[in-house]
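Step one of this worksheet: look at the structure below.
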2 protein chains.
Amino acid sequence: MDPLSLEVVELIGTVVGRYYEEYERAAAEHSLTGAQARVLGLLALEPMPMRQIAHKLKCEPSNITGIVDRLEARGLVERRPDPADRRVKLAAPTPDGLTTATDLRDSLNFAREPLAELSAEERTALRDLLKRMLGA
Amino acid sequence: MDPLSLEVVELIGTVVGRYYEEYERAAAEHSLTGAQARVLGLLALEPMPMRQIAHKLKCEPSNITGIVDRLEARGLVERRPDPADRRVKLAAPTPDGLTTATDLRDSLNFAREPLAELSAEERTALRDLLKRMLGA
DNA sequence: CGAGTTACTTGACAATCTCAAATATCTCGG
DNA sequence: CCGAGATATTTGAGATTGTCAAGTAACTCG
């Protein structure tokens, strides 16, 4: 690989490290683990079956059972029957869970400091480059 | 937060997700966990005391003991005495570990596909923006 | 020398993850 | 309609990662 691409990969690695760290910190502030925060954040967008959570998070469905168990025990999530298929359980955030998810999103400071360094034009350029990099 | 910054954060979240996924995949191809791959990659740059690994990875030193144990059991890493301080154990990759670390780095495809989309000028622009975002 | 600090390990425990097996339910061909 | 096979979820075993508290060995400095 050319040195320029290598440098960019290196930088992205650093961004990934910082983002992850920040995400875990924000989750911990709400006494959540990273995995719990990710599931809750997903459900805050839209309730969904266990299987779909596993698919989005790229892990085994049996893993999701435990994570949702813990979120449910804390009253942040509930399992609802799917009217169309009795095998399926829809995981949905409770009002409390929705509040927590919103708080969590707001307390993800990652954006603030690092992006404040950039002008609006630079942020636009960054957005477009990332978009292109991630594919159409 | 303004909509533009929000969009950039969203995109960075996606990049982080893809990078992480790719990293785990590359590690798994070498029968390593992500944590083991991160420690091995760190030691491939430079042997260092257990404590320093923990500091770089932002976890407890007692955690590193187990990870290095497993890498050592597979012959990828060895513990050496520090001539200057008998309390300290320097973790260093074996020749085999160094080879694995190099293979691992090369098989991190993340860069290839996504960055191939960008021209050299765009990659330069991306590099500079990321650099600025990450601070001087 | 000796009190306090530092490096690493150990042990207990929680969370995450995988895999295989069990249960309940759905789907579809015959 | 019935039964074989597929699908959704859970359970249980086991590995790994992570924390914290305590223990051991070695360093530092007055």
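Each chain gets a letter, A, B and so on, in the order the sequences are listed, and its residues count up from 1.
- Across the protein-nucleic acid pair, B:Asp82 atom CG and D:dA26 atom P stand 13 Å apart, rounded to whole Å.
- The shortest distance between the side-chain N/O atoms of B:Arg86 and the OP1/OP2 oxygens of D:dC27 is below 4.0 Å.
- Legend: side-chain hydrogen bond (donor to acceptor under 3.5 Å, both in side chains) pairs involving residues 60-77 of chain A, not counting sequence neighbours, sorted by first then second residue: A:Asp69-A:Arg79, A:Glu72-A:Arg79.
- Under the ring-ring contact (aromatic ring centres under 6.0 Å, His included) criterion, A:Tyr19 pairs with A:Phe110, not counting sequence neighbours.
- Considering only residues two or more places apart in sequence or on other chains, B:Pro81 meets the side-chain contact (heavy atoms from CB on, under 4.5 Å) condition with none of them.
- Screening residues 83-102 of chain B for side-chain hydrogen bond (donor to acceptor under 3.5 Å, both in side chains) gives B:Asp85-B:Arg87 as the qualifying pairs, with residues at least two apart or on separate chains.
- The stretch residues 16-27 of chain A has no heavy atom under 4.0 angstrom from DNA chain C at all.
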Decide salt bridge (charged side-chain N to carboxylate O under 4.0 Å, His left out) for A:Arg132 and B:Glu117; before the verdict, give the C-alpha distance in whole Å, the side-chain angles of both, and the deciding distance to 0.1 Å.
CA-CA 7 Å; A:Arg132 290 209 40 213; B:Glu117 298 288 324; 5.1 Å; no
How would you summarise protein contacts on nucleotides 6-17 of chain C per nucleotide, using B for base, S for sugar-phosphate only and - for none, with heavy-atom distances below 4.0 Å?
BSSBB----SBB
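- Looking at residues two or more places apart in sequence or on another chain, you find a side-chain contact (heavy atoms from CB on, under 4.5 Å) between B:Leu90 and B:Pro49, B:Arg80, B:Asp82, B:Val88.
- For A:Asp128, the side-chain contact (heavy atoms from CB on, under 4.5 Å) test picks out A:Thr124, with sequence neighbours left out.
- In this structure, B:Val77 shares a hydrophobic cluster with B:Leu32, B:Val39, B:Leu40, B:Leu42, B:Leu43, B:Met48, B:Met50, B:Ile53, B:Leu57, B:Ile64, B:Ile67, B:Val68, B:Leu71, B:Leu76, B:Leu104, the cluster being traced through Ile, Leu, Val, Met, Phe, Trp and Tyr side chains under 4.5 angstrom apart.
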